[in-house]
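Below, chain A is the first sequence line, B the second, and so on; all start at residue 1. Since this is a predicted model, take the numbers as computed values, not measurements.
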Amino acid sequence: MRAVFILAGLVALASMPLLLPSYQLGIASEILIFSVLAMSVNLLAGYAGRTPLCHGAIFGTSTYVVIIAAAAGVPVWAACLLGVAAAGGLSVVFGIIAVRTSGVYFLLLTLALGLIIWGICLRWTGVTGGENGLRGDLRQGWLADSQRLYWLILVVGAVLTFAMWRLVRSPFGLTLRAIKDSPSRMAALGHDVPAHLFAAFVASGLFAGAAGALYALFNDFVSPTTVALPQSVEGLLMAIVGGVGNILGGLVGAFVLIALEQFVSAYTERWLSVLGLTAIAIMLFAPQGLLGLLQRKSQ
Amino acid sequence: MKALELSNVVVRFGALRAVDGASLSLEQGERRAVIGPNGAGKTTLFNAITGVIRPAEGRVVIQGWDGTRASPQARARRGVGRTFQITNLFPELTIAENMRVALRGLTAAKWNFWASDEAGAGRGAIAEALAAARLEGQDEVQVKHLSYGAQRQLELAMALVQKPRLLLLDEPAAGLSPVERGAVADIVRALPRDIAMVLIEHDMDLALGLVDSVTVMHEGRVLLEAAPDQIRGNAQVQEVYLGRAA
Ligand SMILES: Nc1ncnc2c1ncn2[C@@H]1O[C@H](COP(=O)(O)OP(=O)(O)OP(=O)(O)O)[C@@H](O)[C@H]1O
Ligand SMILES: [Mg+2]
């Protein structure tokens, strides 16, 4: 039964390029990319009980690296791998610093780490182009076609979602959920809590990096906005709006927020205010996210 | 080799010496009750043994191994198991999941990030520990939906499934009805005889019937160490407890 749903969902998503005009297809691509970012946030916020505010920076670091490496003549696929590796390396550093904290300290610490990356991207003009950002040269040949690019993003996103699904329902994933409930009991049982959180942080960073690499292909441009705090907040809110602790929450959240952003920006410039209000409404009326709300209604 | 040897352990919280030079030695397989009024430092002593708190002075030797500076997880791997006075479980997980997490505390299986969580070895050990704690037939119930009594039993089952060599029980029967307390006593009595055990318990009738020896704590110090039948009529013990009541 579930297999049928998944197959139907994939077929529906795969047929988008045949149904949607190119502008809307771009939005659909963006939704898929950000659902991967939200999924990476969800691993920490939903399963491990650690809410990060640095994933926009990890995501955007990968985007920068892909565009810079490709401009330096590295083949595009290798540049993407470099981007993911850079995100992983950054997560190693962030993880070492952050995993011994929890609650609001984890939130603020990851926020500060993200701000450092943003500051570097803004000031290191020689490499990052500073405020002007960098235009890439990636959308050539095979990638020039936005339908093919959409399918590529869909395949990568589906593979990553499958991997994340295995991860959260594995013994490793259960260990994370237990850490969320009681770190002190975990230590008494012989678990190394910081080591587990570190591994989860790095895994989460690799997913965010993969999303960032896809974004480089899609956007072909990167600027400090990509690594800035609002990006981290959006990734987190997508996870929350969809439903933390639910593997498809990221997809739902990305769809709702990006669709809302499209709609709202037709009328007003105040997207961030609307985003904030939406977040408050979700926390008040559907604290388990939209998927959590659906689940409760269907019971 | 002793199962546990504490020498002159001191734990300070600011100016308060919650444990004030306590020494205690436990033979293999010995069952010991630690009694004493509220605030005597019993739980803090457990925290010093398990590594939640590092003592300011003194030594903690577990099965001949100096664990004074070791982390809680390192001590757990040396065979130290414990239950908590204030129920400390994973409320969002089911009983079966709680037990799997407990079992994997001492194995590398927790690092497997690809296999299904439910697959794999350990079913037998988990069923055995749940049976020993008399907690059967509720495996798929989320812990937050369990009765308090069942939660206390799960506290025990999670410690037992690790097959500890030194088991520390912090008031396993606290807050339970007389019938449930009797059940906990039966569970403790039926534990394998080769496990060294320390039991903190306020109910003297319950405690004295379960142990080989008794340590009385008062204001962080060991006041007295004796056999159970010497404790009942002891004037010093009565004074300590009555002094609390007054
Ligand atoms: N983390 C802590 N910080 C500060 N003081 C503490 C802490 N833990 C315990 N104490 C204090 O240390 C003393 C001993 O506490 P402990 O919990 O060990 O007593 P206990 O013998 O277990 O008492 P009870 O029978 O009530 O469980 C008490 O005065 C308590 O307030
Ligand atoms: Mg206590």
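If you measure heavy-atom distances from B:Ala109 to chain A, the contacts under 4.5 Å come from the backbone alone. There is no contact between B:Leu103 and chain A, counting heavy-atom distances below 4.5 Å. Only the side chain of A:Ala199 comes within contact range of chain B, judged by heavy atoms closer than 4.5 Å.
We find the CG-CG distance between B:Leu106 and A:Leu189 to be 8.0 Å, quoted to the nearest 0.5 Å.
The minimum heavy-atom distance linking A:Ala187 with B:Ala76 is given by the pair O-CB, 4.3 Å.
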Record all donor-acceptor atom pairs with a distance under 3.5 Å between chain A and chain B; write none if the list is empty.
{"residue": "A:Arg166", "atom": "NE", "partner": "B:Trp114", "partner atom": "O", "Å": "2.8"}
{"residue": "A:Arg166", "atom": "NH2", "partner": "B:Trp114", "partner atom": "O", "Å": "2.8"}
{"residue": "A:Arg169", "atom": "O", "partner": "B:Asp117", "partner atom": "N", "Å": "2.9"}
{"residue": "A:Ser170", "atom": "OG", "partner": "B:Asn112", "partner atom": "O", "Å": "3.3"}
{"residue": "A:Phe172", "atom": "N", "partner": "B:Lys110", "partner atom": "O", "Å": "3.4"}
{"residue": "A:Phe172", "atom": "N", "partner": "B:Asn112", "partner atom": "O", "Å": "3.0"}
{"residue": "A:Asp181", "atom": "OD2", "partner": "B:Glu92", "partner atom": "N", "Å": "2.7"}
{"residue": "A:Ser182", "atom": "OG", "partner": "B:Asn88", "partner atom": "OD1", "Å": "2.4"}
{"residue": "A:Ser184", "atom": "OG", "partner": "B:Asn88", "partner atom": "ND2", "Å": "2.8"}
{"residue": "A:Arg185", "atom": "NH1", "partner": "B:Asn88", "partner atom": "O", "Å": "3.1"}
{"residue": "A:Arg185", "atom": "NH1", "partner": "B:Glu155", "partner atom": "OE1", "Å": "2.6"}
{"residue": "A:Arg185", "atom": "NH1", "partner": "B:Glu155", "partner atom": "OE2", "Å": "2.9"}
{"residue": "A:Arg185", "atom": "NH2", "partner": "B:Glu155", "partner atom": "O", "Å": "3.4"}
{"residue": "A:Leu189", "atom": "O", "partner": "B:Gln162", "partner atom": "NE2", "Å": "2.8"}
{"residue": "A:Gly190", "atom": "O", "partner": "B:Arg77", "partner atom": "NH2", "Å": "3.2"}
{"residue": "A:His191", "atom": "NE2", "partner": "B:Val101", "partner atom": "O", "Å": "2.8"}
{"residue": "A:His191", "atom": "NE2", "partner": "B:Gly105", "partner atom": "N", "Å": "3.4"}

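Partners of A:Ala87 under the side chain to side chain contact (heavy atoms under 4.5 Å, CB included) rule, at least two apart in sequence or in another chain, are A:Ile58, A:Ser62. In this view, B:Ala129 and B:Met99, B:Leu160, B:Val161 satisfy the side chain to side chain contact (heavy atoms under 4.5 Å, CB included) rule, not counting sequence neighbours.
Per-residue heavy-atom pair counts under 4.5 Å with chain A were compared for B:Ala115, B:Gly81, B:Ala74, B:Ala102, and the maximum is reached by B:Ala115. Heavy-atom pairs under 4.5 Å with chain A were tallied for B:Phe113, B:Phe90, B:Phe84; the largest tally goes to B:Phe90.
Residues in residues 81-98 of chain A take part in no side chain to side chain donor-acceptor pair (under 3.5 Å) pair, two or more places apart or across chains.
Around the CD1 atom of B:Ile86, the shell of radius 6.0 Å holds no more than 12 heavy atoms that belong to other residues, nucleotides or ligands.
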